[in-house]
Amino acid sequence: MAATELERFSNEEKRNLALGGHVGFDSLPDQLVSKSVAQGFSFNILCVGETGIGKSTLMNTLFNTTFETEEASHYEHAVRLRPRTYDLQESNVHLKLTIVDAVGFGDQINKDERPIVDYIDTQFENYLQEELKIRRSLFNYHDTRIHVCLYFITPTGHSLKSLDLVTMKKLDSKVNIIPIIAKADTISKSELHKFKIKIMSELVSNGVQIYQFPTDDDAVAEINSVMNAHLPFAVVGSTEEVKVGNKMVRARQYPWGVVQVENESHCDFVKLREMLIRVNMEDLREQTHTRHYELYRRCKLEEMGFKDTDPDSQPFSLQETYETKRKEFLCELQKKEEEMRQMFVNKVKETELELKEKERELHEKFEHLKRMHQEEKRKVEEKRRELEEEMNAFNRRKVAVETLQCQSLQATSQQPLKKDKDKKK
Ligand code: GTP
Ligand code: MG
């Protein structure tokens with residue numbers, strides 16, 4: 001099709017046509033539903049809150065089951081993320097639920113939220129890598145991206161801790177945060193009311209973006225906007241069943257009375273379950289994909305050098321980006337190689353200089369030793385000469401003494417002979 005013809009075609013107004021009878025494409029939504037049901041759903045919850053705040057109990061209460069739990073110790077070296085995946089089924093809907101616990105959060109002296117941020121990013125990265133593969137299998141890919149972060153606030157009745165503010169601020173661009181006041185049965189009604197207002201004003205003044213239940217869909221706009229005003233939800237968790245009237249209900253029993261988990265005048269548990277599971281689960285999944293993952297993907301691709309348009313606002317082709325990036329990479333590689341070569345040459349020069357210095361030192365040492373040796377030799381020679389002279393003198397004296405001895409011997413042996421001669425005369 002010629003370019004002008006194409007343009008005319010796309011600019012042409014779409015006309016409404018009436019159908020003569022039933023065609024069948026009104027079943028598309030049903031087809032979509034049955035396809036989704038067959039495929040199953042995944043939902044991933046991140047629980048952030050200090051050790052023992054009631055995270056596991058609330059999860060068990062929310063899903064009306066008993067997940068594996070393992071009490072965390074207060075002596076973890078660092079915050080550790082512990083994901084556990086379960087297959088749940090309700091009617092014919094399969095849900096692959098992953099609950100991720102931020103174990104040890106709030107216990108470390110070095111209160112670092114980085115492991116949580118890293119974990120969320122890693123899940124985004126895994127998804128991105130799958131998307132970038134030549135042979136993608138996103139259809140049966142186990143999506144581990146975090147859809148919601150339930151942030152458990154300690155019911156102090158005072159204000160948010162700086163750790164809460166810092167952590168939520170770091171997480172708000174990466175995940176949908178729903179703040180909840182845990183163990184709400186430990187705080188009085190009037191204190192709770194003030195605490196909620198305080199928390200919300202602190203979140204606003206610190207620019208923390210928490211998840212807002214969507215109000216753009218008429219079907220849920222009203223309930224969602226009412227519920228937005230109830231945030232943060234004050235919840236109570238319990239897996240115990242207590243008899244109230246003639247019914248067994250989930251509750252916490254105290255000497256002074258019973259706190260019913262599903263009683264809306266006792267706590268906001270029902271509101272949380274309604275909002276999280278029954279009304280907005282799909283929106284949380286969608287927001288994760290279209291907002292948080294999209295942001296991660298955009299930053300990551302830009303970091304890798306991909307752009308939508310070039311400086312002249314012309315569409316950027318993938319091929320061009322690849323070529324530019326390849327050239328940049330090769331230049332970088334060449335620069336690195338040159339640097340390494342220069343470094344090697346410098347190192348060799350340095351070593352050569354060091355060796356020369358060592359050689360000079362050795363030579364000096366050798367010369368010094370040589371001089372010392374000659375001096376020693378000269379002294380020994382001197383000594384030898386002296387000794388020889390002494391020996392000569394000694395020998396001379398010895399010869400003289402021997403001559404004297406000989407002469408005196410001769411003299412003594414001639415004396416009796418003379419006496420005999422004299423007698424004979
Ligand atoms: P770790 O995983 O070890 O960090 O603990 P956790 O946050 O999962 O807390 P868990 O659910 O194990 O509960 C710790 C204790 O708090 C248990 O004794 C629970 O019975 C109690 N608890 C849980 N929820 C509530 C609640 O809503 N109110 C009160 N008063 N106690 C609760
Ligand atoms: Mg737990």
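Both ligands and their constituent atoms are indexed starting at 1 by order of listing. Just so you know, these numbers come straight off a predicted model, no measurement behind them. For reference, positions follow the sequence shown, starting with 1.
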Is it the case that ligand 1 has an N or O less than 3.5 angstrom from some N or O of [X]?
X      : value
Arg82  : no
Val235 : no
Ala184 : no

For ligand 1, which atoms have a heavy atom of Ser56 less than 4.0 angstrom away?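 The list of qualifying atoms is 2 (O), 6 (P), 8 (O), 11 (O).
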
Contact atoms of ligand 1, heavy-atom distance to Thr57 under 4.0 Å: 10 (P), 11 (O), 13 (O), 19 (C), 23 (C), 24 (N)

Can we say Glu286 and Arg291 salt-bridge, meaning some charged N sits less than 4.0 Å from an Asp/Glu carboxylate O?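 Salt bridge: no.
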
So for Val236 against ligand 1, with non-hydrogen atoms under 4.0 Å, the contacting part is both

[X] and [Y]: side-chain donor and acceptor closer than 3.5 Å?
X      : Y      : value
Thr215 : Ser225 : no
Tyr254 : Arg252 : yes
Tyr151 : Asp164 : yes

Just by modelled atom types, is the His158 backbone N or O under 3.5 Å from a matching donor or acceptor in the Thr156 side chain? yes

Over all heavy atoms of both residues, which pair between His230 and Lys196 is shortest? Give the atoms and the distance, please. O-NZ, 3.2 Å

Backbone or side-chain N/O/S of Thr57 under 2.8 Å of the Mg ion (ligand 2):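 No.
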
Run the numbers on Asn60 and Ser238 for side-chain contact (heavy atoms from CB on, under 4.5 Å), then give the verdict. CA-CA 8 Å; Asn60 289 343; Ser238 175; over 6 Å; no

Option nearest atom 20 (O) of ligand 1 (shortest heavy-atom distance, choices Lys55, Glu50, Arg252): Arg252

Taking only non-hydrogen atoms of Phe269, do any sit less than 4.0 angstrom from ligand 1? no

